[in-house]
Colleague: 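Below is one structure. I have some questions about it.
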Amino acid sequence: MPVALQLLPPRSTAELALRAEALTGRTLSELADALGVELPTEPKRAKGAVGQLIERALGACGGCAPGPDFAALGVELKTIPVGADGRPRESTFVCTIAPFEIAYEEWPSSRVRAKLSCVLWVPIALAPPRRIQRPRLWRPSPAQERALREDWEELAGLVATGALEQLTAHRGRVLQVRPKAAHGRVRTLAPGPEETPLFALPRGFYLRARFTAGILADLEPGCG
DNA sequence: GATTGATCATAC
DNA sequence: GTATGATCAATC
């Protein structure tokens with residue numbers, strides 16, 4: 001059994017892009033073997049395992065400090081499951097919502113914008129043998145940022161004004177608000193109507209698959 | 001088949 | 001419990 005491998009963080013985005021590119025075509029189990037880690041066999045228990053595997057493979061600090069996965073580069077890593085057509089099959093978690101603090105955020109300084117300012121997308125085929133597709137280093141285009149900003153301003157406004165319980169995942173064209181919790185009994189304090197705080201299920205921002213599909217489709221090889 | 005709401009693992 | 005990493009599974 002090989003000893004778990006720990007890479008040093010990449011020192012430049014060019015080095016990161018090179019490392020990522022080298023993963024193209026490999027399967028998750030090949031990668032897991034090479035790194036000496038085991039992937040959960042039961043899919044239900046494997047949530048998050050893929051992201052953590054790729055983190056290790058690229059030298060991200062993996063679950064240590066808050067902030068971008070590649071802190072020195074300001075790059076966030078996201079794995080994304082794709083179908084045979086290359087399109088995303090799931091939404092993408094962006095960040096949790098701090099219900100009271102969000103009233104004091106503006107888009108330019110928002111957590112959503114910060115998270116999405118520079119992302120390395122690593123698409124992975126959903127169907128066995130789970131091959132890694134060509135990674136994309138991405139920054140939002142002006143049009144993409146406008147779309148994100150419009151949704152964020154609407155959604156953040158609803159949260160800040162006490163409408164969290166009326167806010168469903170239907171809202172937002174590219175960004176949406178959905179539960180983000182260990183289980184359904186978790187509660188956090190949030191602004192409520194009539195200036196009365198309420199206990200609500202914690203929520204987070206997610207990118208709709210239609211938005212990430214645009215990212216994966218628009219970026220040609222080497223763009224990043 | 002796509003989407004929404006709920007959930008699962010790990011580290012601190 | 002909080003935060004990071006996401007996908008599951010019931011529902012539309």
Side-chain angles (χ1 to χ4, degrees), chain A residues 4 6 9 28 31-32 35-71 74-102 111-112 114-116 119-128 130 132-133 135 151 155 158-159 164-190 199-216:
Chain A
Q6 180 57 61
L28 293 184
L31 199 54
L35 294 176
V37 303
E38 269 187 41
L39 292 175
T41 50
E42 196 181 341
K44 185 172 164 182
R45 299 189 175 283
K47 300 180 185 181
V50 174
Q52 288 159 6
L53 178 67
I54 303 298
E55 282 180 347
R56 296 187 61 149
L58 294 177
C61 73
C64 20
D69 297 287
F70 300 98
V75 176
E76 177 74 17
L77 175 66
K78 290 289 183 191
T79 60
I80 184 164
V82 296
D85 55 4
R87 294 175 63 87
R89 285 292 180 269
E90 280 289 353
S91 54
T92 301
F93 173 69
V94 179
C95 63
T96 53
I97 295 175
F100 283 104
E101 295 171 25
I102 203 166
R111 298 175 62 198
V112 171
K115 270 282 184 188
L116 299 179
V119 179
L120 177 65
W121 297 94
V122 181
I124 296 168
L126 198 49
R130 308 294 326 266
I132 299 167
Q133 315 293 309
D151 282 351
L155 298 170
L158 289 169
V159 173
L164 186 62
E165 298 293 40
Q166 284 72 51
L167 212 187
T168 71
H170 295 279
R171 210 97 182 214
R173 290 178 303 164
V174 299
L175 198 64
Q176 63 183 168
V177 170
R178 304 225 305 275
K180 171 62 174 174
H183 52 78
R185 306 180 84 92
V186 180
R187 288 294 182 276
T188 191
L189 213 49
F199 283 102
L201 189 61
R203 318 295 170 98
F205 285 110
Y206 292 77
L207 294 175
R208 291 184 180 280
R210 76 169 65 112
F211 183 78
T212 49
I215 295 172
L216 298 185

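Letters go in sequence order (proteins before strands), and every chain restarts at 1. Worth knowing before you read on, the calculation uses all heavy atoms, side chains too, and leaves out hydrogens, waters and symmetry mates.
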Colleague: In whole angstrom, give the distance that lies between atom CG of A:L53 and atom C1' of B:dT10.
Modeller: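 Rounded to whole Å, this separation is 14 Å.
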Colleague: With sequence neighbours excluded, give me every salt bridge (charged side-chain N to carboxylate O under 4.0 Å, His left out) pair touching residues 79-89 of chain A.
Modeller: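 The answer is A:D85-A:R89.
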Colleague: For A:Q176 and B:dT4, is the shortest distance between a side-chain N/O and OP1 or OP2 below 4.0 Å?
Modeller: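 Yes.
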Colleague: Figure out the CZ/C1' separation between A:R187 and B:dG5, and round it to whole Å.
Modeller: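 Distance check: A:R187 CZ to B:dG5 C1' gives 12 Å.
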Colleague: Which is more 5' along DNA chain C, the nucleotide nearest A:V94 or the one nearest A:T188? Just name the residue.
Modeller: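 Its nucleotide being nearer the 5' end, the pick is A:T188.
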Colleague: How long is the gap from CD on A:E55 to CG on A:L77, to the nearest 0.5 Å?
Modeller: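 Spacing of CD (A:E55) from CG (A:L77) equals 6.0 Å.
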Colleague: Both A:G184 and A:A209 contact DNA chain B. Taking the nearest nucleotide for each, which residue is further toward the 5' end?
Modeller: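 The 5'-side residue here is A:A209.
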Colleague: Which residues satisfy the side chain to side chain donor-acceptor pair (under 3.5 Å) test with A:R171, sequence neighbours excluded?
Modeller: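 A:E154.
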Colleague: Quick check for you: among C:dG5, B:dT7, B:dG5, whose closest atom lies nearest to any side-chain atom of A:H183?
Modeller: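 When the side chain of A:H183 is considered, B:dT7 is the closest of C:dG5, B:dT7, B:dG5.
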Colleague: Round to a whole Å and report the spacing from NZ of A:K115 to P of C:dA3.
Modeller: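 That distance rounds to 12 Å.
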Colleague: Whole angstrom is fine here: how far is it from CG in A:L28 over to P in C:dG5?
Modeller: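 To the nearest whole Å, that distance equals 17 Å.
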Colleague: Expressed as a whole number of angstroms, how long is the span from A:R87:CZ to B:dG1:P?
Modeller: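 About 15 Å, once rounded to whole Å.
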Colleague: Which residues pass the side-chain contact (heavy atoms from CB on, under 4.5 Å) test with A:E42, sequence neighbours left out?
Modeller: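 side-chain contact (heavy atoms from CB on, under 4.5 Å) check on A:E42 returns A:K44, A:R45.
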Colleague: Taking only side-chain N and O atoms of A:R208, does any of them lie within less than 4.0 angstrom of OP1 or OP2 on B:dT4?
Modeller: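 A:R208 to B:dT4 OP1/OP2: side-chain N or O found under 4.0 Å.
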Colleague: Determine whether A:I54 and A:I132 make a side-chain contact, defined as any pair of heavy atoms from C-beta on separated by less than 4.5 Å.
Modeller: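 Answer yes - side chains close enough.
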Colleague: Please report the distance, rounded to the nearest Å, between CH2 in A:W121 and P in C:dG5.
Modeller: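 Interatomic distance, CH2 of A:W121 to P of C:dG5: 12 Å.
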Colleague: Which residue pairs pass the salt bridge (charged side-chain N to carboxylate O under 4.0 Å, His left out) test when at least one of the two sits in residues 175-185 of chain A, sequence neighbours left out?
Modeller: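 Sorted pair list comes back empty.
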Colleague: Starting at the 5' end of nucleotides 6-12 of chain C, put B wherever the base has a protein heavy atom under 4.0 Å, S where only the sugar-phosphate does, and a dash everywhere else.
Modeller: BBBS---
Colleague: What pairs meet the salt bridge (charged side-chain N to carboxylate O under 4.0 Å, His left out) rule with one or both residues in residues 202-211 of chain A, with sequence neighbours excluded?
Modeller: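 Output for this query lists A:E165-A:R203.
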Colleague: Rounded to the Å, how far apart are A:R185 CZ and B:dG5 C1'?
Modeller: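 So the two atoms are 17 Å apart, to the nearest Å.
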